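The block underneath contains the structure these notes are about, expressed in structure tokens.
Residue numbers run from 1 in the order of the sequence given. Remember, it's a predicted structure, so these values are computed and weren't measured experimentally.
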Amino acid sequence: MSFQTPITIAQAIESVQRNEYVLPAIQREFIWKAGQITKLFDSLMRGYPIGSFLFWRIAADRVNDYQYYSFLSSYHQDTQRHNLPIKLSGNNDVTAILDGQQRLTAINIGLKGTYAYKMPYMWRTSRDAFPKRRLYLNLLAPPKEEGDLAFEFKMLRDTEAQTTADAHWFLVGDILKFRDVHDAYNYCMEHDLIGKDFKHPSNTLVQLWQVIMRDGVVNYFLETSADLDKVLNIFIRVNSGGTPLSSSDMLLSIATAQWESGNARDKVHSLVDELNRTGAGFNFSKDLVMKAAMVLADLGALEFRASNFNRQNMQRVEAHWAGIDKALRLTARLAASLGFNRDRLSSHTALIPIAYYLLRRGSPESIVTSDTARDDREAIRLWLVRSQLKRTFSGQADSLLRRMRNIIASSHTRFPAEAIYANLRTSVRSMVFDDAQIEGLLDKRFGNQDTFAILALLYPWIQFDQIFHLDHIFPQSRFKKDRLERLGIPQDRWPEWLENKDVLANLQLLPGLVNEEKSDKEFESWLLSREKEPAGLAHYCDMHLIPREHLDFADFPAFLAARRELLRQRLRAILQPESNLPALLQDELAAEYGADDDLDDV
């Protein structure tokens, strides 16, 4: 990036009119008020700096890679606020404005266009509600030494620009017709603005001519890099004052410009809102939807780079959007039916492979509730939980998504969880749990986001379309120092109770009504009351992995040790099934799906 020789406003506006200066799709629409335009011209006349500009020179052979927009000339507050797309020939270089769009548009409107805003107290539907105004300068008003505006610029209807004893309204755009300073003097002579009691009309008009036609007041830097991601980063940096801009905001703008029908931004935002209303609610972002769209459309490059949001890729996403939309909605419903929500889902990216699988299957509605899909649903549930607990998708996961997509594309009848496990077995993204990692899971506590995922593994029989509570087996209300003292427990042992009330071994999932009935009752007495239930005490203990001894609060440490062992055995059986697979079969699975360690974005 280098600083260039300043140019005149007239030269800049001529380039705007010829579409040599254009707006990239990442730019926002024009938002300035009429008063801001007049203030900008006043600053120019007073010699105030108006800031530097940042231009991006795009070589002819890259011009057709992206959509561009023309500058507004005629702004209408109600019907003409959006810049129009333009088709460039691609035969010549073009200059895109990265910083200075609002200022350059304001100057263009002031010199070459009109500005229509609503008249107060008039119905919007009235034909006279939005009269067109053009920028005028009162040559008879002497410059003020003080005040907000030194020169009397106004946006006026042509019928308002009448000459009176104290006003001679000069149409500012007419200054572009003056070839030299003598034309300014001649104008004043022809309109009887010289030789009276004032000299400022000619001085003001000459000053206007100099500012627009002679002085190099457009200071600008020029970026010539063909690296679109570098340019995108520059754009975000220079526009970071006001509402912060993110990379995904810019990329979504580019995607919107590439779509031939509809509006990518509206569709993405609408889908995000719909997904987040699913079940108990999620907090998905537009980043997730955009990444999922790239994966589900089978794009080769998945990185959030401007070069990957080219016309060809975005048209492919657009062509597949109906299927992408349906698959993501179904994925959210499936995740909700498995008990996940905004508080229980630590990795949103983990849903993308599931969505891709459902898309390949034709997004069958039966996956959510059908008995015939029970095994498939269970494989997805276990895989999703494992991905959460192993932080499989932490950091950059583009290579991992491509890898999983290849595996899923080869299996359409059931979610290929085992093949994924085998494929990643020797990589840094391995989903295999060793004994030390299982011990780490057993150390999780109440309030940790992983705690639900672990219990979801331990309670495969739960139907999460019902309400389930996370319950303390020994109620929290029992963990008081005075209670321990009454039980005759030595004070030096109190931490064995007080510091462990929230550990995983003291937690279970109970149906909402059952948990309300249990409340803060003594666990042993409540548990023995389960003998009256049809299934009996033994069934309850088996289902909840409850030991048959040490059920008195005084034996709490022994109870924790016994239950932790039961949980350990169950987690090993669930999370270490690969150890039961013959080594030959593991190697065959890995070879079939191309296991390797070239996850270049880990």
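Scanning both residues, Ile408 and Pro353, for their nearest heavy atoms gives CD1-O, 3.3 Å. Listed here is the closest heavy atom pair of Glu365 and Leu330: OE1-CD1, 4.0 Å.
Phe479 meets the ring-ring contact (aromatic ring centres under 6.0 Å, His included) test with Phe553, Phe556; sequence neighbours excluded. Take Tyr356 and apply the ring-ring contact (aromatic ring centres under 6.0 Å, His included) test, not counting sequence neighbours, and it matches no residue. Looking at residues two or more places apart in sequence or on another chain, you find no salt bridge (Lys or Arg N to Asp or Glu O under 4.0 Å) involving Asp61. For Lys267, the side chain to side chain donor-acceptor pair (under 3.5 Å) test picks out no residue, with sequence neighbours left out. Listed by chain and residue number, nothing satisfies the side chain to side chain donor-acceptor pair (under 3.5 Å) test with Gln449 (two or more places apart in sequence, or in another chain). Taking the ring-ring contact (aromatic ring centres under 6.0 Å, His included) definition, one finds that His348 meets it with Phe284, sequence neighbours left out. Every residue two or more places apart in sequence or in another chain that forms a ring-ring contact (aromatic ring centres under 6.0 Å, His included) with His472 is listed here: Phe446. In this view, Gln388 and Ser346 satisfy the side chain to side chain donor-acceptor pair (under 3.5 Å) rule, not counting sequence neighbours. Every residue two or more places apart in sequence or in another chain that forms a salt bridge (Lys or Arg N to Asp or Glu O under 4.0 Å) with Arg391 is listed here: Asp450. In this structure, the side chain to side chain donor-acceptor pair (under 3.5 Å) partners of Glu378, at least two apart in sequence or on a different chain, are Arg381. Taking the salt bridge (Lys or Arg N to Asp or Glu O under 4.0 Å) definition, one finds that Glu524 meets it with nothing, sequence neighbours left out. Under the salt bridge (Lys or Arg N to Asp or Glu O under 4.0 Å) criterion, Asp273 pairs with no residue at all, not counting sequence neighbours.
Judged by the 6.0 Å distance and 45° axis criteria, Lys390 is positioned over the aromatic ring of Phe433. In this structure, Arg429 forms no cation-pi arrangement with Phe393, as its terminal cationic atom is not both closer than 6.0 Å to the ring centre and no more than 45° off the ring axis.
Side-chain polar atoms of Ser370 and Thr372 form a donor-acceptor pair below 3.5 angstrom. Side chains of Asn83 and Tyr68: no donor on one and acceptor on the other come within 3.5 Å.
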> Can you check ring-ring contact (aromatic ring centres under 6.0 Å, His included) on Trp526 and Tyr540, steps first, answer last?
Replying inline: CA-CA 12 Å; Trp526 177 83; Tyr540 173 86; 5.6 Å; yes

>> Assess the residue pair Asp371 and Arg377 against the criterion (salt bridge (charged side-chain N to carboxylate O under 4.0 Å, His left out)); give the C-alpha distance rounded to whole Å, side-chain angles, the decisive distance to 0.1 Å, and a yes or no.
In response: CA-CA 9 Å; Asp371 286 342; Arg377 192 162 54 244; 5.2 Å; no

> Given the rule in the ring-ring contact (aromatic ring centres under 6.0 Å, His included) test, do Phe452 and Phe340 qualify, once you have shown the distances and angles that lead to the verdict?
Replying inline: CA-CA 9 Å; Phe452 167 79; Phe340 290 92; 5.7 Å; yes

> Do Asp471 and Leu507 pass the side-chain contact (heavy atoms from CB on, under 4.5 Å) test, and can you show the C-alpha distance, the side-chain angles, and the key distance before you say yes or no?
Replying inline: CA-CA 6 Å; Asp471 172 64; Leu507 302 175; over 6 Å; no

>> Could you go through Arg57 and Val94, starting from their C-alpha distance and side-chain angles, then the distance that decides it, and tell me whether this counts as side-chain contact (heavy atoms from CB on, under 4.5 Å)?
In response: CA-CA 6 Å; Arg57 180 68 53 77; Val94 70; over 6 Å; no

> Between Arg405 and Leu302, does a side-chain contact (heavy atoms from CB on, under 4.5 Å) hold up when you go through it step by step?
Replying inline: CA-CA 12 Å; Arg405 185 172 63 181; Leu302 302 179; 3.9 Å; yes

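Rounded to the nearest 0.5 angstrom, Leu401 CG and Lys291 NZ are separated by 7.0 Å. Here the CG-CD1 distance, from Asp375 to Ile380, works out to 11.0 Å after rounding to the nearest 0.5 Å. Distance check: Leu288 CG to Leu328 CG gives 7.0 Å after rounding to the nearest 0.5 Å. Going from atom CD of Gln508 over to atom CD1 of Ile546 covers 5.0 Å, rounded to the nearest 0.5 Å. In this structure, Leu575 CG and Asp434 CG are separated by 11.0 Å, a value rounded to the nearest 0.5 Å.
Between Arg386 and Thr392 there is no side-chain heavy-atom pair separated by less than 4.5 Å. Side-chain contact between Phe523 and Leu551: present, with at least one pair of heavy atoms (C-beta onward) separated by less than 4.5 Å. Between Asp552 and Phe474 the shortest side-chain heavy-atom distance does not fall below 4.5 Å. Looking at heavy atoms from C-beta onward, Ile420 lies in side-chain contact with Met431 at the 4.5 angstrom threshold. Between Lys286 and His269, the closest side-chain pair of non-hydrogen atoms falls below 4.5 Å.
Electrostatic pairing of Arg402 and Glu303 counts as a salt bridge here, judged by a charged N lying under 4.0 Å from a carboxylate O. Comment: Asp443 engages Arg564 in a salt bridge, judged by a side-chain N to carboxylate O separation of less than 4.0 angstrom. Look at Asp435 and Arg568 and you find no salt bridge, because none of the NZ, NE, NH1 or NH2 atoms lies under 4.0 Å from a carboxylate O.
Listed for the Asn500 side chain is a donor-acceptor partner under 3.5 Å among the backbone atoms of Glu496. Between the Arg563 side chain and the Leu545 main chain, a donor and an acceptor come within less than 3.5 Å of each other. Put simply, the side chain of Arg344 gets close to the backbone of Gly339: a donor and an acceptor are under 3.5 Å apart. With hydrogens and angles disregarded, a donor-acceptor distance shorter than 3.5 Å links the side chain of Thr331 to the backbone of Ala327. At least one donor-acceptor pair under 3.5 Å links the side chain of Ser525 to the backbone N or O of Glu522. Between the side chain of Asp502 and the backbone N or O of Arg445 there is no donor-acceptor pair closer than 3.5 Å. Judged by distance alone, the side chain of Asp376 and the main-chain N or O of Ile367 form no donor-acceptor pair under 3.5 Å. A distance-only check finds no donor-acceptor pair linking the side chain of Ser427 to the backbone of Asn423 [under 3.5 Å].
Counting heavy atoms of neighbouring residues, nucleotides and ligands inside a 6.0 Å radius, atom CZ of Arg305 does not exceed 12 of them.
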